[in-house]
Amino acid sequence: MKASASLPRFFLEGPRRFEVGEVVAIEGAACHQIGRVLRLRSGQHVVLLDGRTGASEAELVEVGPDRALARILRAAPCAPEPAISVTLLAAVLKGERQDWLVQKAVELGVARIIPLLTERGVATANGAKPERWRRIAREAAEQCERAVVPEIVDPVPLVEVSWTGAKALACTERDGRPLPALLADGDRDLALLVGPEGGWTDVERSWLARQGAVDASLGPRILRAETAALAALSTVMSHLSWPLERVSR
Ligand code: SAH
């Protein structure tokens, strides 16, 4: 039998703790994936995630067209969550670039994504697909073995967001101090702001400064917005999350 780390993983709707021995019903997208896409059968094992407390290895006891049943066997491993909570506030990008951004941000350990509507952004609230982004986030979290699916809220105009209590860093092209120099060991709650394809307007930049966001630079080149978001996230995670994650293992 495969080790549970390589078994297919599924987040179930309506999270709650699973008890060993309990039989859990699997419906919707997860059931479709189990029965139709992966063609799993009774007796095969999967990992079920409740979205909060962790993962459980389970044995399929029934696989039907609309519902599968699985018996919970034991706890299964999950990647520990980063010790720092990073909210990515990034301008909504067009089409596949936004999908890619969401997928990679989840892999890199983002805690929450707030899609921003900005003055120079090409995306509008009507064209936004938050349901699609949430599905991509769930699949990315399953793939990279996270225990939680990062929250993705509906797009919000920049001037309506807030980041109470968090240290806010606004990626602002070549201005600003180098991002690594703005990070401190004790940081636990970070808001990373990234502008749209066309960049921030002056009005937006002064609004950000008035809200206390500090300008951060990722180097002398102008990066595409999705590159900037992912470079910023990787920088933060590599500075702050590794040693603490190792300790928690
Ligand atoms: N159109 C703008 C570039 C926008 S890049 C211009 O030509 O000047 C899109 C977003 O990526 C920016 O708003 C910023 O948030 C981020 N970004 C790009 N390069 C960056 C860098 N070197 N450092 C920090 N942020 C950067």
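Sequence positions, counted from 1, serve as the residue numbers for this chain. Just so you know, these numbers come straight off a predicted model, no measurement behind them. In each ligand, atom 1 is the first atom listed, and ligand 1 is the first ligand listed.
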Which residue supplies the protein heavy atom nearest to atom 14 (C) of ligand 1, what is that atom called, and how far is it? C171 O, 3.3 Å
Does R120 reach ligand 1, in the sense of a heavy atom lying below 4.0 Å from it? no
If we only consider heavy atoms of P220, is any one of them less than 4.0 Å away from an atom in ligand 1? no
Looking only at protein heavy atoms, which one is nearest to atom 9 (C) of ligand 1, and how far off is it? P196 O, 3.0 Å
With heavy atoms only and a cut-off of under 4.0 Å, state how A229 meets ligand 1: side chain, backbone, both or neither. neither
Identity and separation of the nearest protein heavy atom to atom 18 (C) of ligand 1: L223 O, 3.2 Å
Taking 4.0 Å as the limit for heavy-atom contacts, which would you say applies to T172 with ligand 1: side chain only, backbone only, both, or neither? backbone
Do E145 and P77 have side-chain heavy atoms sitting under 4.5 Å apart? no
Quick test of your reading of the structure: of E197, E204, R221, whose heavy atom lies closest to atom 1 (N) of ligand 1? E197
Quick one: does A216 get within less than 4.0 Å of ligand 1, heavy atoms only? yes
Among protein heavy atoms, which lies nearest atom 10 (C) of ligand 1, and at what distance? G195 O, 3.6 Å
Residue, atom and distance of the protein heavy atom nearest atom 21 (C) of ligand 1 read E173 O, 3.2 Å
Identify, with sequence neighbours excluded, every residue that meets salt bridge (Lys or Arg N to Asp or Glu O under 4.0 Å) alongside D154. R134
Nearest-contact summary for atom 17 (N) of ligand 1 - protein heavy atom, Å: A228 CB, 3.5 Å
